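So the structure is just underneath, and the comments pick up after that.
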Amino acid sequence: MGSGAGGAAAARELQGTCRVTILEAGREFRALSLSIKWMERLRGWGFLFDERVIRLAFRAMKVRRARDGMVMVNGAATGGTTVLSAGNALRVDDDLRQLGVRLDTEFAELSREVPVSTAHQARWSAVTRRLFQISRDRGLAPRPTPKLVDSSRCRRCGRCVLGCPYGAKWDSRRFLDDAVANGADLRCGHRVTKVVVRGGRAIGVRARAGARTVFLPADLVVLAAGGLGTPVILERSGIRCEPRLFVDPVLCVAAPWPQSMQHREVPMPFVIQRPGYIVSPYFDYLSFLFNRGWRRPAGRILGLMIKLADCEQGTVRGRRGRLDKGLTGQDRARLAEAEALCRQILVDFGVEPASIFTGTLNAGHPGGMLPLTAADAETLHPQRLPQNLYVADASLFPRSLGNPPILTILALARRVARAAVKALWGDLFGESASVRPGRPSRRSGEAA
Ligand SMILES: Cc1cc2nc3c(=O)[nH]c(=O)nc-3n(C[C@H](O)[C@H](O)[C@H](O)COP(=O)(O)OP(=O)(O)OC[C@H]3O[C@@H](n4cnc5c(N)ncnc54)[C@H](O)[C@@H]3O)c2cc1C
Ligand code: SF4
């Protein structure tokens, strides 16, 4: 279920050993082609009055609001949220390692399969270079962000979060294509509503496909509908999740600056990692389009993004995925500290302190509602799940990463798929069944 980071990684791993069907609620991804000039016009005419209207022009981006107003963004098409990513690729598995989940093999494999590079640094604009130097002078140890981007194809159009128009950015559709080329059946427009459980085993899933409800039988079910999608399916299937939703809230701090041209720069070119948050230069499309305080020409906004590691406190539930998520006192204190730091960097840059403004609080890294524990480290199978039902997305993370999660989700999902196959084989052929982890061949699929 799901074709984002977790779903595509799991499907690619499983196809060949199993006959995989991938159910994706959204349609085939298409990048937003609207030019910045047209965006400015639509904004000027008052059409962009609420973040949720973005879906009219950009179906792949789903926007909703939590009860206290925080805006949540996620992908709803093939590739999930990876197609909207800024392309950042960081390994952040300290919490998983502490539980005993060691993903070194998976990360090593991914480093050979997924292009990650900092080559973009050679083409940074003067504004980015100056921000980097100021951060370094302040002792903040900024580092060029490793990117899932082929620099030779990147045109620095700055539109990564709207979908790369030039095929330079890696997203999980590449793994999806591999799975399909190896025989997997991808069905778009299939929204899974429930896992059907009989006698402690998942026997398949129920999904909505247009006006129809379909049942798809399965020997093994892997849920990767994302940190907001998976808990809703689990709860509807009678499996309780925990109210430990984290989302990595984002706030941009910006100022007017002539010729900043950040919207023509690779987003988040470098990163400052602080305890509990990161800071990175960023052109904030969401605030630029929908926040009244940001009604300025795109090329004259200089912005820094704060991304928080928030407390694990919140839920998504109900048929419509109602979100109950706000900032705790600790989150607010961290955010205030980070905002003060951004203001200092901008003032060092030369902006007028009184001209600094902030953006719309939003988030796009949900997870945590089915957290792994040390007891699950070997099987990667939380005990409350039926024997042959697995989860392969950020729902499993015990804590917010406060950092880009794609690479870590890819590694974890691959490991989950391996653990699921091992358990399925043991189930079918007994404990003595020999299972070789690694890429299965078509031949093994035929035997299965
Ligand atoms: C603007 C933005 C920029 C980001 N930039 C970065 C970045 O630079 N680096 C990084 O590491 N992370 C980034 N992220 C976060 C990252 O993209 C996500 O955390 C990651 O893709 C989550 O992977 P996932 O597999 O858990 O879920 P997703 O990638 O969200 O995939 C879930 C999929 O499941 C589908 N689905 C949902 N419900 C159902 C259902 N009921 N039935 C069937 N299918 C369903 C969805 O349509 C979706 O395709 C960014 C996020 C946003 C919003
Ligand atoms: S800056 Fe433009 S070309 Fe480069 S990866 Fe991002 S979207 Fe693609």
Side-chain angles (χ1 to χ4, degrees), residues 1-10 22-27 29 31 60-63 71-92 120 123 145-151 153-173 176 187-194 205 207-208 223-230 232-233 236 247-248 250 263-269 271 280 282 284-286 305 307 321 362-367 391-397 401 403-410 412-413:
M1 253 60 62
S3 63
I22 306 156
L23 301 180
E24 165 55 53
R27 301 281 169 188
F29 175 73
M61 183 182 269
K62 184 169 178 183
V63 176
V71 173
M72 302 282 171
V73 181
N74 66 276
T78 50
T81 314
T82 66
V83 288
L84 308 180
S85 89
N88 305 320
L90 296 176
R91 174 178 177 169
V92 196
H120 58 92
R123 298 165 69 197
T145 316
K147 291 273 176 192
L148 295 159
V149 172
D150 174 352
S151 264
R153 296 174 76 180
C154 174
R155 303 209 195 163
R156 293 178 62 228
C157 69
R159 294 176 69 99
C160 299
V161 299
L162 307 175
C164 177
Y166 304 109
K169 186 184 76 175
W170 186 96
D171 62 58
S172 68
R173 288 177 301 166
L176 205 57
R187 300 193 194 178
C188 291
H190 279 63
R191 172 170 298 283
V192 174
T193 52
K194 190 175 178 177
V205 300
R208 295 284 297 169
L223 285 182
L228 299 180
T230 292
V232 171
I233 299 173
R236 290 179 68 147
V247 294
D248 288 6
V250 165
H263 67 304
R264 295 269 184 261
E265 174 65 291
V266 170
M268 303 181 72
V271 60
S280 184
Y282 187 64
D284 180 1
Y285 270 101
L286 199 74
M305 171 207 276
K307 193 187 294 294
N362 68 94
H365 298 181
V391 167
D393 62 31
S395 306
L396 295 177
F397 288 165
L401 307 187
N403 271 286
I406 289 176
L407 207 55
T408 311
I409 296 173
L410 292 176
L412 182 61

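One-based numbering, in listed order, for ligands and for the atoms of each. This one's a predicted model, so the numbers in the text were calculated from it and none came from an experiment.
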### Task
Would you kindly check if the NZ (Lys) or CZ (Arg) of Arg153 is within the cone defined by 45 degrees around the ring axis of Tyr166 and under 6.0 Å from the six-membered ring centre?
no
### Task
Could you check Val205, Val391, Thr230 and say which one makes a side-chain contact (heavy atoms from CB on, under 4.5 Å) with Met1?
Val205
### Task
Check atom 4 (Fe) of ligand 2 and write out every protein N, O or S atom at under 2.8 Å, as residue and atom.
Cys154 SG
### Ser280 side chain to Met305 backbone, donor-acceptor under 3.5 Å
no
## Note on the structure
With sequence neighbours left out, the residues meeting side-chain hydrogen bond (donor to acceptor under 3.5 Å, both in side chains) with His263 are none
Return all side-chain donor-acceptor pairs below 3.5 angstrom for residues 81-91, not counting sequence neighbours, or 'none' if the list is empty.
from  : atom 1 : to     : atom 2 : distance (Å)
Thr81 : OG1    : Gly75  : N      : 3.0
Thr82 : OG1    : Gly79  : O      : 2.6
Thr82 : OG1    : Ser172 : N      : 3.0
Thr82 : OG1    : Ser172 : OG     : 3.1
Ser85 : OG     : Thr82  : O      : 3.3
Ser85 : OG     : Gly87  : N      : 2.9
Asn88 : OD1    : Lys147 : NZ     : 2.5
Arg91 : NE     : Asp93  : OD1    : 3.1
Arg91 : NE     : Asp93  : OD2    : 3.3
Arg91 : NH2    : Asp93  : OD2    : 3.0
Arg91 : NH2    : Asp104 : OD1    : 2.6

### Task
Side-chain contact test, heavy atoms from C-beta onward, threshold under 4.5 Å: evaluate it for Thr193 versus Arg236 and give yes or no.
yes
### ligand 1: protein residues within heavy-atom distance under 4.0 Å
Gly2, Ser3, Gly4, Ala5, Gly6, Leu23, Glu24, Ala25, Val73, Gly75, Ala76, Ala77, Gly80, Thr81, Thr82, Leu84, Ser85, Ala86, Gly87, Asn88, His190, Arg191, Val192, Ala224, Ala225, Gly226, Ile233, Gly364, His365, Asp393, Ala394, Pro404, Pro405, Ile406, Ile409
#### Entry: Stepwise side-chain contact (heavy atoms from CB on, under 4.5 Å) check, His365 with Lys307
CA-CA 10 Å; His365 298 181; Lys307 193 187 294 294; 3.4 Å; yes
### Ion pair Glu265/Arg156, N-O distance below 4.0 Å
yes
### Query
Should Lys194 and Ile233 be marked as a side-chain contact (heavy atoms from CB on, under 4.5 Å) after you check the CA-CA gap, both sets of side-chain angles, and the distance that decides it?
CA-CA 5 Å; Lys194 190 175 178 177; Ile233 299 173; 5.8 Å; no
### Task
List every atom of ligand 2 that sits less than 4.0 Å from any heavy atom of Pro165, numbering the atoms from 1 in the order shown and giving each element.
7 (S)
### Task
Apply the side-chain contact (heavy atoms from CB on, under 4.5 Å) test between Val63 and each candidate in Val71, Asn362, Asn74; give the one that qualifies.
Val71
